[in-house]
Student: 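I have a structure here, written as structure tokens, and I will follow up with some questions on it.
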Amino acid sequence: MLLSLTFSMGAQTDSLITRMLDAAVINDGNISYKIDRTTHFFTKEQKAQAREARDLVSGIPGLFIDQQSNSIKTTGAKNVLVLINGVKASDYELQLISPDKVRKVDYYDVPPVRYMEDADVMINVHTSRLDTGWSGNFYGRGGQMFTNARGSISYVSGNNKFTMDIGTHFNHKRKVWDTEKGLYSSILDGEDYQYDYIQKSQDWGSQYSGGISWLNAKDNDYTLQISLSMDDNLSRMERARYINLKWGDVLQKRSGLTSNMVKTLMPVAEVYFSKMLSASSTLTFDVLGTTYRNTQNAVSSETLPDGDEGGYKDIMDLDTRKSSVIGELNYLWTKGTHKLDFGYKGSYNRLQNNLMNSDGQGTSDVNTSTHRIYGEYSSRINSFSYRFSLGATGNIKSGDNGFSDIAFTPTLLLGYGFRQKHYMRLKLDSETMMPGIQQMSDNRIMIMEGFYKTGNVNARNSTRYGSQLLYAFNIPGKLALTADLHFNYTKGQLYNAFIDGGDYWMLQTQNGQYGSSSGTNVTLSYVPWKFLEISLDGSADYQTFKADAESDAVHHWFFPVYANITGYWKGFTLSYRHTLVGQSLSGLYLEGYEKISYINLSWRRKSLSIGLQCLFPFVEDRFVSETTAASPVHHKTATNLRTKNHEFGITLSWNFVKGKGKYSDKNINNSDSDTGVFEF
């Protein structure tokens, strides 16, 4: 299997070799296959070619470094969680480690039970003990659309490790505007209503982030880590519309202006402690606190030409405080091929809103909590492996319109490997999804005259049931192929519905009866020559959604395709990434997705790398979203993100390693990503 850094850009998404996970522990050169992961070992030559640990890890089939975001991703755009010796980490922390200190890397396409809610794919990088000393890295990009920079430094002395990082990101206010053509068509207040427009818009803003952590650990005894971080974000949007509004027999031409500004301050604190009780058992405790403070100001207006009466103006001021505490207690026992993992995780969330707009002034207070008890056991018998986990999740919303729902979320994996190159696995699983905290509020904002958007105090959690049969085939160093058949069914799927209010329409969060998806996913990684790798990830999914018992089900075919091509010559790397995603069924909407397309040329010498990249070099970033025929309001938008078309940027990356102390195992990683911001 090719693991060279030079070909890392084209590796396959959670499929490839990792999806070859299978039952038995089968060693094929420097890769071993297990039911939920592959373990990768590296040669001295591979380590010598890499600048730092991230370069080395990105050579694993299934992974690549996305040059647009400068982060590790999977080809099929799966959500990735990175750990270093079990410690939740980021890309820049991987760059702080010398490649010669990487012992092995576990790539999970089915993360362990305690991580299953956090990511679709998990990478755990195991390192040897590193020497006392300093390490650091810097990355910067200057471009027409955005500029960012991040620097980090770490120092290790004895059993103590101190790490600090700081970063900035600026989305520029370009002279180039994004464009959109849109249409709303319905019956409103008993008359035909049609609102079509041409819109140009700008989005810009800034982000500052930083963090510091202290870790104290003793071999085969304990690990204590305390970390603090802070994010300060400012996002701004302006748009101008040219509108034709026909309501009944009246036709009006209007001009519309909208501005939206959101300031978010997010401090996070975490305390983690792990204690080895014996050679085979470990007890771990983790508590994390997050606070979001959002202030949002939006002004929307529509005016008629020549000062005629009509139109409207809406000013919205929204002050949001959202806080959460996540605590977890976990026990892990391993002996031989047997592994037992169980624990409790509790999440407590509170949202307080103060809203003032054209409808008046109002406050809301939403309190939710989630309690999860889970257990998992895995083992193998010769070439047959199995893993079974069971979780019981209680979702609770207190106060008026409160609820308490309990859902059981089992996962079963059965795998078998044969003839060294063939692997098969059956997966059955279930999970429950809580609505976003704003989706459960009764805040209401004006989209335009006659249309509003709001949450729903009666929204409930949904539950997904899934099944997958996977086959994988591998010719080391030449070809990696996976194919699956899958079926997913979501009971109570959340979606946005247009509710008739008589003389207005309300876009409101609702629980549908069900949604489903069935089809196949095929991934391929092919190395025709040692200097070139071609990777493809494609799916064919038949999607279905049913809003309620009285309505007809809506059906749609979805064909996403992801492609990577990477070539290497001496110190130069040329990579090209392109995606064709089309439209996916989401409730009663066919949602269009941004394409991802870029070409990147980089040159590297020792610890320095310089790159030149272009976003959307050969195509434009266009996509269309529209409602299905089952929606009472026909809504369609055709968007061209012109700010990304043919955008150029220059990158610079540099790192140093002067020795670094070890990372001790951390096996609980929690976070709260629900900011509480109202999506305007």
Side-chain angles (χ1 to χ4, degrees), residues 5-6 8-9 42 46-60 63-73 80-85 87-102 105 123 125-128 130-143 146-157 160-170 207-215 225 227 229-231 571 573 600 602-613 649-663:
L5 163 72
T6 59
S8 66
M9 297 299 297
F42 304 93
Q46 291 167 342
K47 292 180 179 181
Q49 290 177 10
R51 277 199 311 136
E52 24 75 5
R54 190 184 72 161
D55 272 350
L56 187 67
V57 171
S58 67
I60 295 174
L63 299 176
F64 75 102
I65 299 176
D66 182 1
Q67 298 298 328
Q68 182 175 336
S69 62
N70 186 41
S71 61
I72 285 186
K73 290 188 178 180
V80 181
L81 174 66
V82 178
L83 310 181
I84 300 174
N85 293 326
V87 180
K88 186 177 181 180
S90 59
D91 285 19
Y92 70 83
E93 291 178 274
L94 277 180
Q95 296 176 73
L96 292 171
I97 302 174
S98 175
D100 66 299
K101 299 300 182 181
V102 176
V105 177
I123 308 158
V125 181
H126 300 267
T127 69
S128 58
L130 309 164
D131 301 326
T132 295
W134 294 89
S135 61
N137 73 74
F138 171 81
Y139 173 84
R141 181 194 192 273
F146 66 91
T147 296
N148 58 10
R150 177 173 288 276
S152 57
I153 192 167
S154 185
Y155 176 71
V156 173
S157 177
N160 296 284
K161 176 170 72 79
F162 301 89
T163 304
M164 181 175 67
D165 74 277
I166 187 169
T168 62
H169 184 101
F170 299 95
Q207 177 183 1
Y208 302 91
S209 61
I212 186 169
S213 67
W214 167 64
L215 184 144
Q225 180 174 276
S227 59
S229 66
M230 175 75 75
D231 277 15
T573 300
N600 188 85
S602 63
W603 172 80
R604 184 179 68 197
R605 181 174 176 82
K606 295 182 178 180
S607 296
L608 178 68
S609 177
I610 301 173
L612 176 65
Q613 60 184 230
I650 299 175
T651 63
L652 173 67
S653 177
W654 175 76
N655 72 290
F656 72 90
V657 177
K658 298 296 184 181
K660 188 171 177 60
K662 68 166 186 174
Y663 291 81

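Numbers here are sequence positions counted from 1.
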Student: Out of curiosity, Asn85 CG to Ile97 CD1, how far, rounded to the nearest 0.5 Å?
Tutor: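 If I round to the nearest 0.5 Å, the distance is 7.5 Å.
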Student: I need the minimum non-hydrogen distance between Leu96 and Ser135, along with the two atoms involved.
Tutor: O-OG, 3.3 Å
Student: For a quick test of reading the model, state the closest non-hydrogen atom pair linking Ser157 to Tyr155 and the distance between them.
Tutor: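 Shortest heavy-atom contact: CB-CE2, 3.6 Å.
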Student: Mind checking whether Trp603 and Leu612 have side chains closer than 4.5 Å, heavy atoms only?
Tutor: no
Student: When rounded to the nearest 0.5 angstrom, what is the spacing between CD1 in Ile123 and CZ in Arg54?
Tutor: 11.0 Å
Student: Roughly how far, to the nearest 0.5 Å, is the CZ atom of Phe162 from the CH2 atom of Trp134?
Tutor: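 Trp134 CH2 to Phe162 CZ: 9.5 Å, rounded to 0.5 Å.
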Student: When you look at Tyr139 and Asn655, which way does the side chain to side chain contact (heavy atoms under 4.5 Å, CB included) test go after all the steps?
Tutor: CA-CA 9 Å; Tyr139 173 84; Asn655 72 290; over 6 Å; no
Student: Please answer whether the main-chain N or O of Asp55 pairs with a side-chain N or O of Glu52 as donor and acceptor at a distance below 3.5 Å.
Tutor: yes
Student: Under a 3.5 Å cutoff, is there a donor and acceptor pairing between the side chains of Ser154 and Thr163?
Tutor: yes
Student: Could you tell me which non-hydrogen atom of Leu63 sits nearest to which non-hydrogen atom of Val57, and how far apart they are?
Tutor: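 Smallest interatomic distance, heavy atoms only, reads CD1-O, 3.6 Å.
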Student: Assess the side chains of Ser653 and Asn137: does a donor N or O sit below 3.5 Å from an acceptor N or O?
Tutor: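 No.
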Student: What residues form a side-chain hydrogen bond (donor to acceptor under 3.5 Å, both in side chains) with Trp214, not counting sequence neighbours?
Tutor: Asn160
Student: Which heavy atom of Pro99 sits nearest a heavy atom of Ala50, and at what distance?
Tutor: CG-O, 3.5 Å
Student: Which atom names give the shortest non-hydrogen contact between Gly142 and Thr147, and what distance separates them?
Tutor: CA-OG1, 3.8 Å
Student: Can you confirm whether Glu93 sits close enough to Val125 that some side-chain heavy atom of one is under 4.5 Å from a side-chain heavy atom of the other?
Tutor: no
Student: Check whether Lys101 reaches the backbone of Ala53 with its side chain - one donor and one acceptor, N or O, closer than 3.5 Å.
Tutor: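 No: the side chain of Lys101 does not pair with the backbone of Ala53.
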Student: For the CZ atom of Arg51 and the CH2 atom of Trp654, what is their distance to the nearest 0.5 Å?
Tutor: 11.0 Å
Student: Under the 3.5 angstrom rule, does the side chain of Arg604 hit a backbone N or O of Gly571 as a donor-acceptor pair?
Tutor: no
Student: If you measure from OG on Ser152 to CD1 on Ile166, what distance do you get to the nearest 0.5 Å?
Tutor: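 Answer for the OG-CD1 pair, Ser152 versus Ile166, is 11.5 Å.
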Student: Once you measure the plane-to-plane angle for Phe146 and His169, does it fall in the parallel (<30°), tilted (30-60°) or perpendicular (>60°) bin?
Tutor: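 The rings of Phe146 and His169 lie parallel, inter-plane angle below 30°.
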Student: side-chain hydrogen bond (donor to acceptor under 3.5 Å, both in side chains) with Asp165: which residues, sequence neighbours excluded?
Tutor: Tyr92, Arg150
Student: Give the intermediate values and the outcome of side chain to side chain contact (heavy atoms under 4.5 Å, CB included) for residues Ile72 and Leu94.
Tutor: CA-CA 10 Å; Ile72 285 186; Leu94 277 180; 3.9 Å; yes
Student: Heavy atoms only: give me the nearest Val102-Lys47 pair and the separation to one decimal.
Tutor: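 Result for this residue pair: O-NZ, 2.8 Å.
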Student: What distance do Thr651 atom OG1 and Asn148 atom CG have between them, rounded to the nearest 0.5 Å?
Tutor: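 Result: 10.0 Å between the selected atoms.
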